[in-house]
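Just below is one structure, and these are the notes that go with it.
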Amino acid sequence: MARYNFKTTETKWQRFWEERGCFAATEDRSRPKYYVLEMFPYPSGRIHMGHVRNYTLGDVVARYKRARGFNVLHPMGWDAFGLPAENAARDSKVHPTKWTYDNIATMRTELKSMGLSLDWAREIATCHPGYYRHQQKLFLDFLKAGLVYRGEAFVNWDPVDHTVLANEQVIDGRGWRSGAVVEKKKLSQWFLKITDAADDLAAALDTLERWPEKVRLMQENWIGRSEGARVNFRIQGRSDPIEIFTTRHDTLFGASFLAIAPNHPVALELAKTDPKLKAFAAECARGPVGEAALETAEKMGYDTGLKAIHPFVANKTVPVYVANFVLMEYGTGAIFGCPAHDQRDLDFARKYTLPVLPVILPKSADPKTFQIADEAYVGDGVAYNSDFLDGLEVDAAKSAAADRLERDGAGTREIMYRLRDWLVSRQRYWGCPIPVVHCDVCGIVPVPETDLPIVLPDDVTFDVPGNPLDRHPTWRHVACPSCQKPARRETDTFDTFVDSSWYFARYCSPRSDKPVERDAVDYWMPVDQYIGGVEHAILHLLYSRFFTRAMRHTGHLGLDEPFAGLFTQGMVCHESYRAEDGKWLYPEEIERRGDDVIQTATGRPVAVGRREVMSKSKKNVVAPSKIIGTYGADTARLFMLSDSPPDRDLDWSEAGIEGAWRYVNRLWRLIAEAEVKGPPSPQSRPASLSPAADAALRTVHKTIHWVSWDLDRFHFNKAVARLRELTNALEELKDDDGSAWVKAEGLARLVQLIGPMMPHVAEELWQVMGNTTSLAETPWPAYDPALIDEQRVTLAIQVNGKLRATLDMPVDSDRESIETEALAHPNIAPLVGGKPVRKIVVVPNRVVNVVL
RNA sequence: GCCCCGGUGGCGGAACUGGCAGACGCGGCAGACUCAAAAUCUGUUGGUGGCAACAUCGUGGGGGUUCGAGUCCCUCCCGGGGCACCA
């Protein structure tokens, strides 16, 4: 038997699986279904190690569940719209369509070389009209259902990418892709009403039991639900009140000012006749941009001269300021300031010498002496200085204050969200066209469904910035569907996050002439296990949860939550290297000489940076195609699963991949070169087994049990460790009673258990062992519960809590014999001597502690 | 500043509900095979002391609960992530 040839073997089985259609999924109501999905890739050109990790994890789950009898759906596709295609078109004169489909072709080949158990017949690409026409249909349905609106608002404008961005796509005041400082522009844009679902999106997080706590928390923070009250402050000399939002209506008696946003309607009105205010507002608008500036930005205010009348105290008034720290976008754009119990208000009050009246008394404080110095008191306590609220705890005081406001018609209870509506229009070419027409007579007219899809024109150029659709000579000119007069097509396209908000549903019936077939989605959805990076914790996952609700609302789906289980994998890291001139070097450009690291080309020393996420800019990347070409897919997959728990970052190392490679070959030698056949028939099992063979057989069954346990819990690194232990145990078996039978049995089970991780070599070994069915179609092995239970255990014997000896005893030995044996142990007896034993703690099958 | 999650040998990491810390792998050391190397195999590998059996220290620091703490409680330090004029 020759050495293992991964190249021919991997190709052989990939072809076998494909020709047999092993992974083609069909609805089969006689079996439980299991939908495994990994986040689909953006076709950037080549797959990277992050993809290899992501898809390996998903494939292990898919193959394991399939072996366990589930009807598995495991599809793949392409998140194919997006700006990089346009940048490539501009820079290299390749059309986005060609660029994208070429990349898809390359990446599909690379993915196929990994041996993933995918149903490729369901492949979709979001840039294909066969996909996006249905997205246009969904949009029209949403429009009809009132889930979409066109609104004018201050939006985030990215001056580099020449498009607007959603709030979620602005990080620290910069565009998430371009890194450019975003500008606030007032534009007319398309929005999806995600805020209508805010309450439900927040509340339903509790039902997502198989989601990481961290992700649920991030979403909760992002939605930012806060319970409070709207309060109207009447203004002396004006008919209209100023409405504020607060969560601390219990501290209303401590109010010492009102503050409104510089672009609050009242501020804008006053600014018309007050040049100083106008100048102040202009300064605020320019304001500090960027993270650091915001942090230290001083609280600034401008006294409007208006006096607001306290809602509870008719003869009390407070000044109204315009303040730079009040945001028009949140709440009502106006607040009341209670300096004693809010740090920001306190800073402001100190600056403008406004009164600071404490109205909440900490539990142990004395009302006569309690004072506010430099720090506001934001904790719990009891209301005082507060008339009818006096003596009430914070929560009770809030409730009482809200009751009074509602009774007096001065305010209402209100729940506010940080979440804003989802801005979905983008001024870009390479996206799904928004199917509406602008008519001077009829206004905004939806495109009739019979006209779908609205297809992107091919003849576009990218030599000037901006949206090519806007300057296309003919595409945008169209007759109004309603009045037939000349009108203009919408030239904005959808945010690509719209594309990825329903692809998981499309996979259920990928070629349907409707967006989804109810039969198919009702069978397959929800996704049982979704796997991807944490970086999508908010954007993609929140949008998808909303979209699913919207699709239910419009009758396309019958459920609210698309992903029943979510797993977020860690990233793949590597050291980075820098030459003396500061330029980054690829790992293959360096070599190690003893403890030194040098640049191969120059022989000069290299600065080794810390391990961080692989990125092209730092060149600390390893190409999957190279690794698969050198070691094969199984080795790459095994390495991805070994050592690091999948939710943590993984350090890529040459030594690690070598270790995985050695294991593949070791398995091969152990089975193929030794010509072991198996599994042997149960009838051929020898009547007597040597103690070693018996122990090994027990290890086999325990391993089946624990590997299954680990795979169910995503503990892949532990499963690998257990399989290596089994390998060691079987390898050590000598030629005594029954060991040949146990070895054949054990190795066959080992091959089955490792199948989901290293499917090619496992299939090959399974065949070499004489099996005629493929492993992909073989059920998961079962263990014999009788062989799982230990018969003897090693007890730890402690004296005063310190380990002094161990004791081998039958399982469930009685307390008395354990105590007797322990005290008689040669290591223990001298330590106890004649001293009186205070007590003996016996934990069954674990430990004996002799306390002196 | 607030909210999460981490901190265990030279390294990645094990340790189910408090019960033999360091499974498994990487790396190291010694040896076998070899003209030699690679590959492979065998042994060994937390620190300190000892020829040894063994002793002793040891899970970021300090304190506590317990017969017994990597695990529970308090407190501090360090690393990573999220949020941040959100009223």
Side-chain angles (χ1 to χ4, degrees), chain A residues 3 172 212-222 224-226 228-229 244-249 259 261 287-288 291 294-299 323-327 329-338 342-345 347-348 378 416-419 534-535 537-538 570 611 638-639 642-645 647-651 653-660 662-663 665-666 669 706 709 713 715 717-728 731 793-807 826-827 838-852:
Chain A
R3 270 189 72 155
D172 291 334
E213 186 59 40
K214 180 169 75 163
V215 174
R216 287 191 281 174
L217 223 121
M218 283 168 70
Q219 291 213 355
E220 198 179 312
N221 289 339
W222 188 265
R225 181 182 199 271
S226 57
I244 62 102
F245 175 71
T246 182
T247 54
R248 291 304 303 269
H249 32 303
E291 56 279 38
L294 262 176
E295 181 117 6
T296 51
E298 210 174 334
K299 312 275 172 283
N324 65 341
F325 63 87
V326 180
L327 307 174
E329 296 85 15
Y330 186 78
T332 59
I335 62 161
F336 87 90
C338 176
D342 182 289
Q343 191 59 43
R344 200 185 35 202
D345 294 347
D347 295 345
F348 191 81
V378 296
M416 200 62 74
Y417 299 93
R418 206 184 82 103
L419 183 74
V534 237
E535 63 273 21
I538 295 170
R611 279 190 261 258
L638 181 65
F639 175 64
S642 309
D643 297 351
S644 294
D647 54 339
R648 281 203 224 164
D649 286 353
L650 175 142
D651 290 322
S653 75
E654 198 59 30
I657 191 81
E658 289 277 356
R662 272 201 295 274
Y663 182 72
N665 287 290
R666 192 170 150 216
R669 281 195 305 274
W706 285 111
W709 169 280
R713 284 162 189 74
H715 295 166
N717 55 323
K718 287 200 254 174
V720 170
R722 293 189 206 281
L723 291 169
R724 282 180 179 272
E725 277 179 301
L726 176 61
T727 313
N728 294 343
E731 206 169 24
V793 281
T794 307
L795 293 170
I797 315 177
Q798 303 175 332
V799 177
N800 287 337
K802 272 187 189 258
L803 178 74
R804 295 297 172 179
T806 57
L807 196 58
N827 288 12
R838 273 206 281 159
K839 69 169 164 176
I840 301 181
V841 182
V842 176
V843 181
N845 301 325
R846 288 200 183 272
V847 81
V848 188
N849 192 5
V850 182
V851 185
L852 297 177

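Every chain is numbered from 1 and lettered A, B, ... according to where its sequence line falls, protein lines coming before strand lines. The analysis underlying the following values was restricted to heavy atoms, covering all of them including side chains, and did not include hydrogens, waters or symmetry mates. These numbers were taken from a predicted model, which means no experiment stands behind them.
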Inset, instruction - Report yes if at least one side-chain N or O of A:N845 is closer than 4.0 Å to OP1 or OP2 of B:G19; otherwise report no. - result: no

Inset, instruction - Sugar-phosphate means primed atoms, P, OP1 and OP2; the rest is base. With that split, encode nucleotides 40-55 of chain B 5' to 3' as B, S or - using protein heavy atoms under 4.0 Å. - result: SS------------SS

Legend entry - Whole-Å P distance, B:U45 and B:G22: 12 Å

Inset, instruction - Rounded to whole angstrom, note down the P distance from B:G61 over to B:C77. - result: 15 Å

Legend entry - Anti or syn - B:G49, cut at 90° from 0: anti

Inset, instruction - Identify whether any heavy atom of A:Q798 sits under 4.0 Å from a base atom; if not, whether one sits that close to sugar-phosphate; answer base, sugar-phosphate or nothing. - result: base

Inset, instruction - Determine, for A:R216 against A:E213, whether the closest basic-nitrogen to carboxylate-oxygen distance falls under 4.0 angstrom. - result: yes

Legend entry - Separation of the C1' atoms in B:U34 and B:A23, to the nearest angstrom: 35 Å

Inset, instruction - Take atom P in B:C72 and the same atom in B:G18, then report the distance between them in whole Å. - result: 9 Å

Legend entry - Distance between P atoms of B:G80 and B:U75 (Å, rounded): 24 Å

Inset, instruction - State, yes or no, whether a side-chain contact exists between A:R666 and A:T727 at a heavy-atom distance under 4.5 Å. - result: yes

For residues 841-852 of chain A, run the donor-acceptor check on the side chains, cut-off 3.5 Å, and write out each pair with its distance to 0.1 Å, sequence neighbours left out.
from: A:N845; atom 1: OD1; to: A:D812; atom 2: N; distance (Å): 2.8
from: A:N845; atom 1: ND2; to: A:D812; atom 2: OD1; distance (Å): 2.9
from: A:N849; atom 1: OD1; to: A:N800; atom 2: N; distance (Å): 3.4
from: A:N849; atom 1: OD1; to: A:G801; atom 2: N; distance (Å): 3.0

Inset, instruction - Pull out every residue in residues 213-221 of chain A that has a heavy atom closer than 4.0 Å to any atom of RNA chain B, ordered by number, or say none. - result: A:L217, A:M218

Inset, instruction - Please say whether more than 12 non-hydrogen atoms of neighbouring residues, nucleotides or ligands are located less than 6.0 Å from CZ in A:R713. - result: yes

Inset, instruction - Examine B:A84: is either OP1 or OP2 under 4.0 Å from a nitrogen or oxygen in the side chain of A:R344? Give yes or no. - result: no

Legend entry - C1'-based separation of B:U71 from B:A55 [nearest Å]: 27 Å

